[in-house]
Amino acid sequence: MRKSKFLISSKILSMLIQYKFIFWMFGLIFLIWLLFGSKFFAFMDKGNQTQSRVEHLDGLRFFLAFIVALFHYILCYSYFHGQDWSEHVNRVAYPNLINMGGLGVAVFFMISGYLFASTQPSSWLQFYQKRFCRIAPIFFISSIFCIIIAFCIQKDNINADKLVNNLYYWLDVGIIGNKPHLFGLENAHLINAGVTWTLFWEWGFYFSLPVLCILRDKIGILSLSMAVLFICVYFVSLYNQNYAVFISYFAIGALGRKLPEKIQIPKYICNIGIIFVTIP
């Protein structure tokens, strides 16, 4: 009898932990909405009210963000129940959700390539200022929470070795993409599920845009995108397949911006293609 009560209590506690993660995700989304909906960040939208803005992508971004958040929720839940932090652990139990996590990141990179394929900022300084203001606030909030939590976990066994250097990496707005241990806590990047790794690729793309724009104006976006894909497939992949894949996502997004102008595909064929792609 006591054993059954203990099992029931454990299940109830497990459910409460799951709900805490869900409330944390939605609470963070709500915080982001309040922050970027404030007057302080209103200037970022003033320059975007143009005909070139693709408004229907805003809704797609929300669903992609939700998919990625759900993917990390599954990893967090398994990790706090004694399993390794790996998508392979949950691939059998949640095959579709695990695959959708990678899909969400891939489409995010493609959207960046799609949106900036025809960009021509009047001021690169203003362009990077807006990029910084979009990324930095929530990045700093997340990093500060991680630092505080790591300190609380390690308060009885603090290791201050290279602390200043490590804190720099945690406050670099994701440019370097390295999140070392904090106060001696290994795998500290898992406190926020390691979600900032994609910023390394986003910043790399943004910093390469001035050169890419010059090449685009010289040879055209189609030729440039195909050249990038060729280099990734036949050269970059030989040294690092992940690098080749992530860079290719941006090039594919840029192709998606221009290919419809060159190739007209009937809608029903696109619908059929989507069905076949989504079939597991």
- request: Could you tell me which non-hydrogen atom of Trp201 sits nearest to which non-hydrogen atom of Phe250, and how far apart they are?
  value: O-CZ, 3.8 Å
- prompt: Would a line drawn from the ring center of Phe207 to the ring center of Trp203 be shorter than 6.0 Å?
  reply: yes
query: Hey, is the main chain of Leu222 close enough, under 3.5 Å, to the side chain of Ser225 for a donor-acceptor pair?
result: no
Show the atom names and distances, to 0.1 Å, of all donor-acceptor pairs under 3.5 Å that link a side chain in residues 176-191 to residues at least two apart or in another chain.
{"residue": "Lys179", "atom": "NZ", "partner": "Tyr169", "partner atom": "O", "Å": "3.3"}

query: Going by atom types alone, do Arg216 and Gln120 pair a side-chain donor with an acceptor below 3.5 Å?
result: yes
statement: Note: Leu57 and Leu115 closest approach over all heavy atoms is CD1-CD2, 3.6 Å
message: Could you work out, with side chain to side chain donor-acceptor pair (under 3.5 Å) as the rule, every residue matching Ser142, not counting sequence neighbours?
response: Asn192
message: Centroid separation under 6.0 Å, is that true for the rings of Tyr206 and Trp124?
response: no
message: With a 6.0 Å cut-off on the ring centroids, do Phe108 and Tyr249 count as close?
response: no
query: Less than 4.5 Å apart, any side-chain heavy atom of Asn242 and any of Val245?
result: no
- prompt: Is the distance between the ring centroids of Trp197 and Phe246 under 6.0 Å?
  reply: yes
task: Determine whether more than 12 heavy atoms belonging to other residues, nucleotides or ligands lie under 6.0 Å from atom CZ of Phe140.
output: yes
message: For Phe132 together with Tyr128, are the ring centres under 6.0 Å from each other?
response: no
message: If you define the side chain from C-beta out and look only at heavy atoms, does anything of Glu202 sit under 4.5 Å from Ser112?
response: yes
Contacts of Trp170 that satisfy ring-ring contact (aromatic ring centres under 6.0 Å, His included) - sequence neighbours left out: none
